[in-house]
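Treat the numbers as computed from the prediction; the structure is a model and nothing was measured.
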Amino acid sequence: MTLQMTLSSPFLLSSCSSAHRLNPLLFSKRRHCPIKFSHFPFPLLTKLRFLTVAAAATEHGVFTSPENAKSFDFSSEERIYNWWESQGFFKPTFDRGSDPFVVSMPPPNVTGSLHMGHAMFVTLEDIMVRYNRMKGRPTLWLPGTDHAGIATQLVVEKMLASEGIKRTDLSRDEFTKRVWEWKEKYGGTITNQIKRLGASCDWTRERFTLDEQLSQSVIEAFIKLHEKGLIYQGSYLVNWSPNLQTAVSDLEVEYSEEPGTLYHIKYRVAGQSDFLTVATTRPETLFGDVAIAVNPKDDRYSKFIGKMAIVPMTYGRHVPIIADRHVDKDFGTGVLKISPGHDHNDYYLARKLGLPILNVMNKDGTLNEVAGLYCGLDRFEARKKLWSELEETGLAIKKEPHNLRVPRSQRGGEIIEPLVSKQWFVTMEPLAEKALRAVEKGELTIMPERFEKIYNHWLSNIKDWCISRQLWWGHRIPVWYIVGKNCEEDYIVARNADEALEKAHEKYGKNVEIYQDPDVLDTWFSSALWPFSTLGWPDVSAEDFKKFYPTTMLETGHDILFFWVARMVMMGIEFTGTVPFSYVYLHGLIRDSQGRKMSKTLGNVIDPLDTIKEFGTDALRFTISLGTAGQDLNLSTERLTANKAFTNKLWNAGKFVLQNMPSQTDVSAWEAIKNCKFDEEESVLRLPLPECWVVSELHVLIDMVTASYDKFFFGDVGREIYDFFWSDFADWYIEASKARLYQSGADSACSEAQAVLLYVFKNVLKLLHPFMPFVTEELWQALPGPKEALIVSPWPQTSLPRFPNSIKKFENFQALTRAIRNARAEYSVEPAKRISASIVASEENEKEVLALLSRLDLQNIHFADSPPGDANQSVHLVASEGLEAYLPLADMVNISVEAERLSKRLSKMQVEYDGLVARLNSQKFVEKAPEDVVRGVREKAAEAEEKIKLTKNRLAFLKSSILVSQ
């Protein structure tokens, strides 16, 4: 009787996993078979051979060879980075190509400190840049920082406060001088931290948004827009920060769900005893009410439409009761008070209907004279006092808990107040039309594509942009007023004070005096010019502008698609006539392992610098680069640990390769290695099967990875390389190569294995370098050959020879090896024990490799074209059609002892199975137990039944073998 075991058999599905190999981030279609490096006793000579190469790797005083270090030392990352920079590798060169790849780094705030969002954009952009640099394209990654008007002014104000100084104690010039001093002392922190992530930017071109040249760009942009009638001044509703005393952009307002109160207030109908109940979360704004609105289809209130209501606590001020279909009948009482001076929706409704706008609040958040007796009270104090007096006068009905969507300042955390204020605005609609057409025509590609809809929707419904800020730090608005004249009608736009005075003299006479607008421009205004202002615009004859504009790629977070990306597109088209970049790549947020947004409140913030110290920069970069464009990524210690293990695996593979190279003085051996031509079909086809297979798989990998890099599918790139290196190269080929290196008597076989090891490993380092630059450069410098830096080495060729037939043959060979290993495991064969085997195959192939990988007795492996005579006493394994193995049972186990063990095991399994069946046969259990519990018992019973069946088959096989032997 022969026990057949095909690859689909459960016998071959027994666990052979290894915990240290599991990477939860990688979901590959390939099947890994965990093979540890065999502990072969390396000859002393082998270990001594390559000390000369190890010494060569350290000639720069920068690099360490795997020969001299147990693992990759993370502290060497900064030395490697400084060496790259000192060699000028980050600068664009036109030596190998003329089509530049240009990325403008999203400028982090000069006040910033490195967080995972920075780590994400730096990693992704550096991957793109390093790949294109190796492809031979002149590559420019232009870095810089943003002056961050509000954030920086806040930081310096706090610093001054610690010295007992208020900003207003200083003149504007004195204050800005202190800010510049702070910037010079602390402004480089974020830059140095970005370098720590391996960013290969051209730091010689580093820009700051308040640099003189960029400031000139900002002024020029303002003037050009004003000349076209696209910039105007007016009083409109804006987001106002009472503490900061400035308007803030939509981006700088964060909404949070917070518990609050809904106040129900009586509004009497004029001339009647009836009243309307208004529910509001901000009763203090009732002094600014200009109307009461109800839904025209709300039968409760239709009779009041067209009448007047009396606003409480205003000494009888009347407002009209109007109908508007946008009023939600089901929210609150269905009656809406219209306060256009303090609510964005009310503001647009009032402008549409021609209602007046009343402002009841001062810029410091206190109520003004419109509030009567409440004038001078803080908005929140006024709320308490007003409600108390409403209760006393019988106009308060009730108050109830209500969850609010509260707008808070991103910078100071205070509640933002919608407030009418005189500001400068940009008319956006004509600019937006051009930006919409750019995507429509295919001039701009947004990745992922789904964000095109969001981009189009925002631009199609765009509002004018408030660009003025009431700050002292930033680009001063280039507008001058005439002393004694109306500011809104008589002003001068100029590039500087001298030009403004000259224009004033021409228009108003020689005796006029002028003064500059005190406001500064929104930080996003200068950021919108970033792709071209950093390259020299408005000087279109500047060398960098001519060579590198338009840029290639804009990579950033999807959360600022509107506030930055769309504005850059609009400004780029407006000022240069060209879309500023061809591609927009949007990444998602990095969340914690549970998918929660990182926040100090939750205590789940992961510091990139701490992560680098523990896991290394390469492991961090590799982990966060494997997500999908536009999707949020959950970051966990388990993933970082797994990819740190990947770094170690690379290091150990490098050590193995180095230890198995010939001595540098062995000229003939090196000549033999050089003669292996992997770009020639005949040469590759002549290689033994394992070598031909791994080279073919490498060439397939190069093509797949290159295509994925070109499509910006970085997650696919990382997974494919990881899979090939760990499974194909490390687990299979390195192990197979030992048959050549330690057991083969043929020098040619040894040289071929050495050549393949070196060739494949070098190419893996190249493919992986954009993701993991430090460990790959360290290993590259340790390998024999020309000492060109990996960062500037040529990308591997594509369309190299590969042989599908060899790949298929070796896959069958792998299947056979796995089958033998699983059979050994099933029969608990001692790891060190070598067993015999009869292989049924059309040809004898790789006998030594099979013996090594399957732990077979080399002298007792027999190849034949038919089953052996003792087949009925052997375990029969079917690897593939035409490839089978017979393992003599007596060679693996003591048949009698094994039969007895299985009999006991079968009895125990039967008892467990009977217990499960009894539970399922119990109607009470099936009806009353939770559905998932019943389902679990059914699954266990089915699994137990299958195990019993398999065990019975094995036991029958063993007993038949005993009978045959007797």
> Is the distance between the ring centroids of Tyr585 and Phe121 under 6.0 Å?
no
> Parallel, tilted or perpendicular: which fits the ring planes of His147 and His475, with parallel below 30° and perpendicular above 60°?
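Perpendicular.
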> Are Leu640 and Leu620 side-chain neighbours, meaning at least one heavy-atom pair lies under 4.5 Å?
yes
> Suppose we screen for ring-ring contact (aromatic ring centres under 6.0 Å, His included). Which residues come up paired with Phe101, at least two apart in sequence or across chains?
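Testing Phe101 for ring-ring contact (aromatic ring centres under 6.0 Å, His included), a comparison that skips the adjacent residues, returns none.
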> Can you list the residues that meet the ring-ring contact (aromatic ring centres under 6.0 Å, His included) rule with Phe581, with sequence neighbours excluded?
none
> Considering the options Phe615, Phe646, Phe725, Phe714, which one meets the ring pair (Phe, Tyr, Trp, His ring centres under 6.0 Å) requirement together with Phe622?
Phe646
> Who passes salt bridge (charged side-chain N to carboxylate O under 4.0 Å, His left out) against Lys644, sequence neighbours left out?
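Applying salt bridge (charged side-chain N to carboxylate O under 4.0 Å, His left out) to Lys644 gives none.
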> For the residue pair Trp203 and Glu85, confirm or rule out a side-chain donor-acceptor distance under 3.5 Å.
no
> Tell me whether Asp202 is salt-bridged to Lys91, with the criterion being a basic N under 4.0 Å from an acidic carboxylate O.
no
> Rounded to the nearest 0.5 Å, what separates atom CG in Leu225 from atom CG in Leu431?
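Reported to 0.5 Å precision, the distance equals 6.5 Å.
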> Tell me whether Glu78 is salt-bridged to Lys195, with the criterion being a basic N under 4.0 Å from an acidic carboxylate O.
no
> Which residue pairs satisfy the salt bridge (charged side-chain N to carboxylate O under 4.0 Å, His left out) criterion with at least one member in residues 620-634, sequence neighbours excluded?
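Counting only pairs at least two positions apart or across chains, the salt bridge (charged side-chain N to carboxylate O under 4.0 Å, His left out) contacts touching residues 620-634 are Asp126-Arg621, Arg591-Asp632.
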> Going by the rule ring-ring contact (aromatic ring centres under 6.0 Å, His included), which residues pair with Tyr348 if we only count those two or more places apart in sequence or in a different chain?
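Counting only residues at least two positions away or on another chain, Tyr348 forms no ring-ring contact (aromatic ring centres under 6.0 Å, His included).
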> Can you run down the salt bridge (charged side-chain N to carboxylate O under 4.0 Å, His left out) pairs that involve residues 700-714, sequence neighbours left out, and say none if there aren't any?
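Sorted pair list: Asp703-Arg802.
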> Mind listing the side-chain donor-acceptor pairs of residues 765-774 below 3.5 Å, one per line with the distance, residues two or more places apart or on another chain?
residue : atom : partner : partner atom : Å
Lys766  : NZ   : Pro794  : O            : 2.8
His769  : ND1  : Thr776  : OG1          : 3.0
His769  : NE2  : Arg130  : NH1          : 3.0

> Show me, pair by pair, the donor-acceptor contacts under 3.5 angstrom made by side chains of residues 437-454, not counting sequence neighbours?
residue : atom : partner : partner atom : Å
Arg450  : NH2  : Gly630  : O            : 3.1

> Could you please spell out the steps behind the ring-ring contact (aromatic ring centres under 6.0 Å, His included) verdict for Trp141 and Phe90?
CA-CA 8 Å; Trp141 186 11; Phe90 299 163; 8.9 Å; no
> Enumerate the residue pairs fulfilling side chain to side chain donor-acceptor pair (under 3.5 Å) with a member in residues 547-565, sequence neighbours excluded, ordered by first and then second residue.
Tyr549-Thr576, Glu555-His587
> Just jot down the side chain to side chain contact (heavy atoms under 4.5 Å, CB included) partners of Leu154, sequence neighbours excluded, or say none.
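Leu154: side chain to side chain contact (heavy atoms under 4.5 Å, CB included) contacts with Ile150, Leu244, Arg411.
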> Return each pair, listed once, that meets salt bridge (charged side-chain N to carboxylate O under 4.0 Å, His left out) where at least one residue sits in residues 132-142; pairs must be two or more places apart or across chains.
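Counting only pairs at least two positions apart or across chains, the salt bridge (charged side-chain N to carboxylate O under 4.0 Å, His left out) contacts touching residues 132-142 are Asp99-Arg137.
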> Of all residues at least two apart in sequence or in a different chain, which pass the ring-ring contact (aromatic ring centres under 6.0 Å, His included) check with Phe331?
His402
